[in-house]
Amino acid sequence: MKTILLATDFSRAGNKAAHLAANIAIKQQARLVMFHAYRFLNTYDDNYGLPIDEVKRISAKKLSDLKKRVMARVNQPLEIEVCYRHGSVIDTIKTATKEFEVDLIVMSSVGDSPLGAGFFGSAATEMIDSLKIPMLVLPPNYTIKHFENAVMGVDLSKPIDAAVLGKAIYFLRDLDTVVDVIYVAPNTPALPIEDIKKAELSLRELLKNVPHTFQTVTGKNQVETINSFVKSRKAQLLITFPKHHGFLEKIFFAGNTRRLVFDAEVPVLAIQ
């Protein structure tokens with residue numbers, strides 16, 4: 001991984017995400033780009049209707065201050081660039097990801113500036129749908145700095161996309177994360193046992209360089225089953241493949257993305 005983009009609205013949650021993004025960048029030996037999108041409607045410290053040039057100046061200062069705070073807390077080499085653009089969050093991030101050749105986007109699921117928690121969170125969920133870049137979306141109260149264990153949900157009823165899975169493997173291997181892989185089967189098995197075992201062997205071969213376990217569980221509600229499994233394993237990360245795995249398509253493309261991101265108690269890594 002070469003470049004990580006942190007998207008922040010300067011909220012408390014966004015600033016906490018900056019420190020986790022910095023830790024990941026150090027582990028991955030990646031460059032960290034701190035990004036903010038500003039518009040005329042932005043509000044800072046209860047000031048409204050500021051001239052756009054003033055909003056731009058404040059954005060630059062806040063990014064500079066955030067960079068200084070992050071650098072003061074790291075004890076290893078870390079390259080940080082700041083980037084601020086005028087426009088909507090989604091449009092400007094799309095442009096920035098191409099310009100900086102971003103490999104991972106990190107952002108909080110909620111924010112309190114400039115337009116409220118719902119706006120920043122909806123931007124995160126919309127980007128999950130529209131971007132092909134892996135996104136790490138963090139709940140606001142998350143404080144752990146390293147991912148020691150993760151849960152990866154897969155759907156063995158569909159062919160495994162080795163390229164997409166490879167992105168997850170690259171991320172996990174460098175972070176020394178142990179992964180619990182889970183396949184949620186409906187109450188009536190969708191696949192014969194032989195097919196499940198064959199798919200499992202193929203998956204294990206792809207994950208051979210990542211410490212992992214694998215198990216199949218039965219559940220009528222796949223979302224609830226995954227969430228319960230995450231809690232039971234005390235996982236620190238949930239890995240999803242929105243466009244490639246059936247049960248997650250029900251989450252991400254049936255209007256439930258926002259609920260998943262907002263309600264998640266652990267970070268969600270969405271890989272496409």
Side-chain angles (χ1 to χ4, degrees), residues 1-38 59-60 62-85 89-90 92-113 117 120-121 123-125 127-128 131-148 150 167-168 170-177 236-240 261 264-272:
M1 188 174 295
K2 296 180 180 179
T3 302
I4 296 171
L5 183 143
L6 166 81
T8 181
D9 65 345
F10 305 127
S11 64
R12 290 183 296 274
N15 290 343
K16 285 197 299 184
H19 295 288
L20 179 58
N23 288 332
I24 295 173
I26 289 172
K27 278 267 191 177
Q28 303 267 1
Q29 297 183 336
R31 169 182 58 168
L32 177 61
V33 176
M34 292 183 171
F35 176 88
H36 175 68
Y38 65 92
S59 299
K62 284 181 173 284
L63 278 176
S64 177
D65 291 344
L66 180 59
K67 176 181 176 179
K68 290 176 182 177
R69 291 198 300 272
V70 170
M71 291 299 295
R73 293 178 58 174
V74 301
N75 55 11
Q76 297 183 50
L78 174 62
E79 177 186 355
I80 298 180
E81 293 188 33
V82 298
C83 177
Y84 46 95
R85 297 288 167 79
V89 174
I90 296 171
T92 52
I93 283 184
K94 284 182 178 179
T95 301
T97 55
K98 294 179 181 178
E99 177 183 339
F100 291 98
E101 298 182 343
V102 171
D103 302 289
L104 174 70
I105 299 171
V106 179
M107 67 190 300
S108 173
S109 63
V110 301
D112 49 35
S113 168
F120 204 59
T125 56
M127 281 190 286
I128 289 175
L131 296 179
K132 293 183 179 180
I133 300 169
M135 281 191 61
L136 179 61
V137 184
L138 310 174
N141 296 322
Y142 192 75
T143 57
I144 294 176
K145 296 181 179 179
H146 305 288
F147 301 127
E148 296 180 357
K167 295 179 182 179
Y170 188 64
F171 180 87
L172 295 166
R173 183 184 59 215
D174 289 349
L175 296 181
D176 300 322
T177 304
Q236 298 163 341
L237 176 68
L238 172 60
I239 304 169
T240 68
V261 172
E265 297 179 6
V266 299
V268 176
L269 175 62
I271 300 179
Q272 307 191 57

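In this chain, residues are counted from 1 in sequence order.
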With the side chain counted from C-beta on, respond yes when [X] and [Y] share a heavy-atom pair under 4.5 Å apart, and no when they do not.
X	Y	value
Val82	Leu66	no
Leu6	Met34	yes
Ile133	Leu5	no
Ile105	Thr97	yes
Ile4	Leu136	no

Taking all non-hydrogen atoms of both residues, which atom of [X] and which atom of [Y] are closest, and how far apart?
X	Y	answer
His36	Thr8	ND1-O, 2.9 Å
Ser108	Ala13	OG-CB, 3.2 Å
Val89	Ala37	CA-CB, 3.9 Å
Ala18	Leu32	O-CD2, 4.5 Å
Ala168	Ile239	CB-CG2, 4.4 Å
Ala150	Leu172	CB-CD2, 4.5 Å

For the atom pair [atom1] ([X]) and [atom2] ([Y]), what is the distance rounded to the nearest 0.5 Å?
X	Y	atom1	atom2	value
Glu148	Asp176	CD	CG	10.0 Å
Lys2	Glu79	NZ	CD	12.5 Å
Leu238	Leu269	CG	CG	9.0 Å

Does [X] reach the main-chain N or O of [Y] with its side chain, forming a donor-acceptor pair under 3.5 Å?
X	Y	value
Thr177	Phe147	yes
Lys167	Pro134	no
Ser64	Ala60	no
Arg31	Phe100	yes

Chi angles and distances behind the side-chain contact (heavy atoms from CB on, under 4.5 Å) call for Thr3, Asp103: CA-CA 6 Å; Thr3 302; Asp103 302 289; 4.2 Å; yes

Working for side-chain contact (heavy atoms from CB on, under 4.5 Å), residues Val106 and Leu20: CA-CA 9 Å; Val106 179; Leu20 179 58; 5.6 Å; no

Crowding at CZ, Arg69 (>12 non-hydrogen neighbours, <6.0 Å): yes

Check against side-chain contact (heavy atoms from CB on, under 4.5 Å), Phe35 and Thr92: CA-CA 9 Å; Phe35 176 88; Thr92 52; 3.3 Å; yes

From CA spacing to verdict: side-chain contact (heavy atoms from CB on, under 4.5 Å), Val33, Val102: CA-CA 9 Å; Val33 176; Val102 171; 5.6 Å; no

